[in-house]
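Remember, predicted model here, so these are calculated numbers, not experimental data. Here is the naming used below: chain letters follow the sequence lines, and residue numbers restart at 1 for every chain.
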There are 2 protein chains.
Amino acid sequence: MDLIEIEKKIAPEIFDILDIRYNILRNIYYNQPIGRRGLSNKINIGERTIRTEVNILKKQGLLNVESVGMYVTEEGKRVIENLEDIIRELRGISELEKRLKRVLNIENIIIVPGNSDKNGLVLKDMGKTTSMYLRKIIQDNFIIGITGGTTMAKIAEEVPANKVADNILVIPARGGLGKDVETQSNSIAAKLAKKLQGSYKLLHVPDNIDRETLEAVLKITDIKEVIELIDKMNILIFGIGRADTMAERRQLPEKQKKRMIEKGAVGEAFGHYFDIEGNDIYESLTVGINLKAYNSIDTIIGVAGGENKSEAIMAVASLRNDITIITDEAAARKIIKIVDKATE
Amino acid sequence: MDLIEIEKKIAPEIFDILDIRYNILRNIYYNQPIGRRGLSNKINIGERTIRTEVNILKKQGLLNVESVGMYVTEEGKRVIENLEDIIRELRGISELEKRLKRVLNIENIIIVPGNSDKNGLVLKDMGKTTSMYLRKIIQDNFIIGITGGTTMAKIAEEVPANKVADNILVIPARGGLGKDVETQSNSIAAKLAKKLQGSYKLLHVPDNIDRETLEAVLKITDIKEVIELIDKMNILIFGIGRADTMAERRQLPEKQKKRMIEKGAVGEAFGHYFDIEGNDIYESLTVGINLKAYNSIDTIIGVAGGENKSEAIMAVASLRNDITIITDEAAARKIIKIVDKATE
DNA sequence: TATTGAGGGTCTATTACTGTCCCCAATGTA
DNA sequence: TACATTGGGGACAGTAATAGACCCTCAATA
């Protein structure tokens, strides 16, 4: 039995303390300089409570309070770094990963502690984790495909800007979606390519267009070229979404959406809608990767977090069992809960 | 930085929690079955507080509450065992030992966490620690001398009853003192000998007798024999006392006592009174080990705990720098405080 | 210069904690 | 058998700690 086990036994409330302090310290670190009130809004803790905690952390020399706001000291920074692993162990993330691997019957799972719905930094962690993983598996002359969404945007952001391999090509795996440039696959692919000091291609095709336009578009040389590259992709990184919210975001006709949901669609990835067993229910009309290509890619990485993504993750995990799923603790626990309930 | 360091930084109040829980759990373990009120008296914590803590420990499965009192479960027992080391590290006992070695300029120090004045179990710990140490250094045909006092009694009590060496002889190092049979050197020597499955000799001479009687007594064959053995002693284990309280206990004339204190006597060991530099101020008239013999013994172990023993320990530590001092945290910290103040 | 966002101070309501006592069950003893 | 002792659980009131709300002043910035 190590210290963590003992403490869990004899003083479980330690975790709550560590949790809240870690959260505060980390949030200050990533937002410094920040004031009490700003922090209070950000992490949903009363201003007064933050003040008490901050006073303790200040007394311990982990942060400095100045007139412009609060800063984390060098020591505080070190504590944060060390706490990352501790929190993982504390929450039993390793065990959780093993259980989830078994439950979903897939080979690779990485879980990040926390709940990305409730804590913005957890999304950041997922991005960081994914980027670390990516850097590890990347090789010379690789073609990397990436989709859109806030999660993918975070990943590109968290990739450290230095070369890890030669002649990397990043392409968007799917046509664009949404108005926000920042979260479109094109901009994300470009950003990622720049970070990796590689090149990139763009896919200027709107999502969910009618069939005629689509066919016309496919004849354009630029587009054609990218489409062909998609089949040669080595790594695909994609976000996993809920079927309902994605249908909403793509402004599918209400009728179509309803029919799809009735057929059991719960998850969405690269424009495809799946039921919980991974059956392809519907595909939105756009250019980009299709299921056949998906199944022939060497390395696929699906990323999503938050309780509400649990079913979507289950759906996608059913497609291929050599996928790498990167998710957060909240989603992981929810999935296990769902499966436990079903097998009761 | 390991977990303990991190926790010390970010959540120092963890220690207080661990401390109180450990204390409660341990006290229940050594006194089980025991009730709330009994425990409350023993460790000086309000009944209600104990109740709250006990409820938590119960919930965690570390103890069971029955109609006859509380019991520690198997798991609780395991937690106690593991916590011992953790508490040591938590309190920085290893560093404290190093500092004390330097400050007292002696070679061997063992410190037990806590304050034996305030917590009865700490005395027990000192006894246990000393007995473990003794068992480690003991060899065949050794002659072990031991003095009287409650601390020595605890040591004999804590020695596990099994043979560690052949032909061990235990002798009292000094004449008897006090009315309580249990804490007299004779009974302690006998007890220790039985535990070690060795033999023992007794020294039936009262402490602090007049010179004439003493000389007469020394001619008795039985006594003579033991006295001679004292010079051949391999290990001496002795308690360290305060000069004033020991003078009191030996019922020295008020005048004599006063003079002694004025001369700077602060510590007492095996009937000798020392000032803080280790100068022999006074020797109570009785048979038993003298300073010359003391200096020629191979292994000497002095044991004492509690803040008020600090000066006495300092005095005795000045005698020989190859002594092994076994003490508690309270005394250790007090000594360092005294020295720090003096060198300011 | 006006405004915004920062920390610090302080009062109050509320919550949690703790000391105290009572009750009853089980156990051991006269 | 009756009684005293010691055990746990329940309940309540007083107190201490905590959290919320609002104020102030100060400094940076537009």
Side-chain angles (χ1 to χ4, degrees), chain A residues 10-73 75-77 118-120, chain B residues 10-73 75-77 118-120:
Chain A
I10 202 168
E13 61 275 42
I14 287 180
F15 297 146
D16 306 329
I17 305 176
L18 284 184
D19 230 52
I20 198 173
R21 301 255 165 96
Y22 176 58
N23 201 224
I24 289 176
L25 202 57
R26 225 159 74 102
N27 269 284
I28 292 174
Y29 181 59
Y30 286 115
N31 296 290
Q32 60 191 14
I34 190 175
R36 287 192 321 241
R37 281 169 275 261
L39 193 58
S40 171
N41 288 329
K42 201 159 204 87
I43 59 180
N44 235 333
I45 297 178
E47 186 199 323
R48 195 54 226 276
T49 310
I50 292 210
R51 217 155 132 185
T52 346
E53 299 297 334
V54 157
N55 277 336
I56 298 171
L57 294 174
K58 187 170 70 179
K59 197 176 162 193
Q60 295 297 112
L62 302 182
L63 54 84
N64 280 327
V65 177
E66 293 175 22
S67 64
V68 289
M70 301 177 282
Y71 288 93
V72 170
T73 63
E75 183 130 32
K77 212 167 142 186
K118 291 186 181 162
N119 187 338
Chain B
I10 202 168
E13 59 281 37
I14 287 180
F15 297 144
D16 306 330
I17 305 176
L18 285 184
D19 230 53
I20 197 172
R21 302 255 165 96
Y22 175 58
N23 202 225
I24 289 176
L25 201 58
R26 224 159 74 103
N27 269 284
I28 292 173
Y29 180 60
Y30 286 116
N31 297 290
Q32 60 189 15
I34 189 175
R36 287 192 321 241
R37 282 169 276 260
L39 193 59
S40 171
N41 288 328
K42 200 159 205 89
I43 59 179
N44 236 333
I45 297 179
E47 185 200 323
R48 195 51 228 276
T49 310
I50 291 209
R51 218 155 131 187
T52 340
E53 300 297 334
V54 157
N55 277 335
I56 298 171
L57 294 174
K58 188 169 71 179
K59 197 176 162 193
Q60 295 296 114
L62 302 182
L63 55 83
N64 281 326
V65 176
E66 292 177 22
S67 62
V68 289
M70 301 178 282
Y71 288 94
V72 170
T73 63
E75 183 130 32
K77 213 167 142 186
K118 290 186 182 165
N119 187 338

Separation of atom OH in A/Tyr71 from atom P in C/dG7, rounded to whole Å: 11 Å

Integer-rounded Å distance: D/dT6 C1' and B/Ile34 CD1: 11 Å

Euclidean distance, A/Phe15 CZ relative to B/Ile14 CD1, rounded to 0.5 Å: 9.0 Å

Side chain proximity check, A/Thr52 to A/Ile50, heavy atoms < 4.5 angstrom: no

Polar side-chain atom of A/Asn27 near backbone of A/Asn23 as donor-acceptor pair, under 3.5 Å: yes

Gap between atoms CG and P, on A/Asn44 and D/dA19 respectively (whole Å): 15 Å

Integer-rounded Å distance: D/dG7 C1' and B/Lys42 NZ: 16 Å

Residues B/Arg21, A/Glu13: salt bridge by 4.0 Å N-O rule: yes

Base versus backbone protein contacts along nucleotides 25-30 of chain D [heavy-atom cut-off under 4.0 Å; B, S, -]: ------

Side-chain touch B/Glu53/B/Ile45, heavy atoms, less than 4.5 angstrom: no

Length of the line joining A/Asn41:CG and D/dA21:C1', which is rounded to integer Å: 15 Å

Sub-4.5 Å side-chain heavy-atom contact between B/Gln60 and A/Pro12: yes

Nearest-angstrom distance from the residue atom CE of B/Met70 to P of D/dG7: 8 Å

Side-chain heavy-atom pair B/Asn64, B/Lys58 within 4.5 angstrom cut-off: no

B/Arg36 side chain vs B/Arg51 backbone, donor-acceptor pair below 3.5 Å: no

Atom-pair distance (NZ on B/Lys58; P on D/dG7), nearest Å: 15 Å

Min side-chain heavy-atom separation B/Leu18-A/Ile10 under 4.5 Å: yes

Value in whole Å for how far the P atom of D/dA17 lies from CD1 of A/Ile56: 13 Å

B/S/- contact track for nucleotides 16-22 of chain C, protein heavy atom under 4.0 Å: --BBBBB

